[in-house]
A.B. asks: 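Input: one structure, supplied below.
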Amino acid sequence: MTLASVNHWVKRRQTEALSCLYTKPAQGWKPLINDVDEASGFAAIKANRQNVQVAKATWEASSGKVVSRLTFRRFLKSLTNDINV
């Protein structure tokens with residue numbers, strides 16, 4: 001942690017009291033794939049059950065978004081977790 005980071009935190013603590021310690025809702029990475037994309041994800045998987053790369057390419061073509069293979073696999077895994085619950 002740098003001295004500038006500590007000074008910034010101390011100044012925030014003095015002006016905002018304890019509320020500065022809470023994470024604000026807009027912080028962090030925005031998800032690349034959200035709940036709206038589930039239907040198109042299911043359709044891509046049903047059409048190409050054996051090949052993740054082809055399913056990913058189909059999903060990317062229908063959604064207009066580009067994600068890595070690992071991100072798409074995590075998305076598929078989250079879909080299966082929802083089914084198993």
Side-chain angles (χ1 to χ4, degrees):
M1 184 171 256
T2 65
L3 184 60
S5 297
V6 173
N7 285 336
H8 178 69
W9 183 84
V10 169
K11 287 178 186 177
R12 271 188 61 202
R13 172 70 172 88
Q14 290 172 347
T15 58
E16 299 177 27
L18 290 178
S19 65
C20 71
L21 298 176
Y22 298 111
T23 303
K24 295 178 180 147
Q27 293 178 344
W29 288 88
K30 305 294 183 246
L32 295 173
I33 304 173
N34 54 23
D35 296 337
V36 177
D37 299 322
E38 282 188 26
S40 59
F42 276 125
I45 291 303
K46 285 182 182 180
N48 306 292
R49 291 181 183 261
Q50 298 298 319
N51 194 338
V52 175
Q53 285 183 306
V54 174
K56 176 183 167 291
T58 305
W59 177 81
E60 285 178 341
S62 68
S63 68
K65 297 178 182 178
V66 178
V67 295
S68 70
R69 188 173 64 83
L70 183 60
T71 300
F72 190 71
R73 287 183 64 146
R74 276 193 226 120
F75 170 64
L76 297 178
K77 190 171 185 175
S78 72
L79 292 179
T80 59
N81 287 340
D82 292 342
I83 293 170
N84 293 332
V85 172

A.B. asks: Could you measure the distance from the NE2 atom of His8 to the OG1 atom of Thr2? Nearest 0.5 Å is fine.
C.D. replies: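 Rounded to the nearest 0.5 Å, the NE2-OG1 separation comes out at 10.5 Å.
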A.B. asks: What pairs with Val6 under side chain to side chain contact (heavy atoms under 4.5 Å, CB included), at least two apart in sequence or on another chain?
C.D. replies: Met1, Val10
A.B. asks: For Asn48, which residues count as a side-chain hydrogen bond (donor to acceptor under 3.5 Å, both in side chains) partner, sequence neighbours excluded?
C.D. replies: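 Expected list: Thr58.
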A.B. asks: Hey, could you give me the CD/CZ distance between Glu60 and Phe72, rounded to the nearest 0.5 Å?
C.D. replies: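 Those atoms lie 8.0 Å apart.
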A.B. asks: Who passes side chain to side chain contact (heavy atoms under 4.5 Å, CB included) against Leu70, sequence neighbours left out?
C.D. replies: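 Partners of Leu70 under the side chain to side chain contact (heavy atoms under 4.5 Å, CB included) test: Ser68, Arg74.
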A.B. asks: For Thr15, which residues count as a side chain to side chain contact (heavy atoms under 4.5 Å, CB included) partner, sequence neighbours excluded?
C.D. replies: none
A.B. asks: So, for Ala55 and Ala44, which heavy atoms are closest and what is the spacing to 0.1 Å?
C.D. replies: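 That closest heavy-atom pairing would be O-CB, 3.4 Å.
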A.B. asks: Using the test salt bridge (charged side-chain N to carboxylate O under 4.0 Å, His left out), find all partners of Lys65 that sit at least two apart in sequence or belong to another chain.
C.D. replies: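 In terms of salt bridge (charged side-chain N to carboxylate O under 4.0 Å, His left out), with neighbours along the sequence ignored, Lys65 is linked to Asp37.
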A.B. asks: Tell me, please, which residues at least two apart from Gln50 pass side chain to side chain contact (heavy atoms under 4.5 Å, CB included).
C.D. replies: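 So Gln50 forms no side chain to side chain contact (heavy atoms under 4.5 Å, CB included) with any residue.
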A.B. asks: What's the verdict on side-chain contact (heavy atoms from CB on, under 4.5 Å) for Phe75 and Val67, showing C-alpha distance, side-chain angles and the deciding distance?
C.D. replies: CA-CA 10 Å; Phe75 170 64; Val67 295; over 6 Å; no
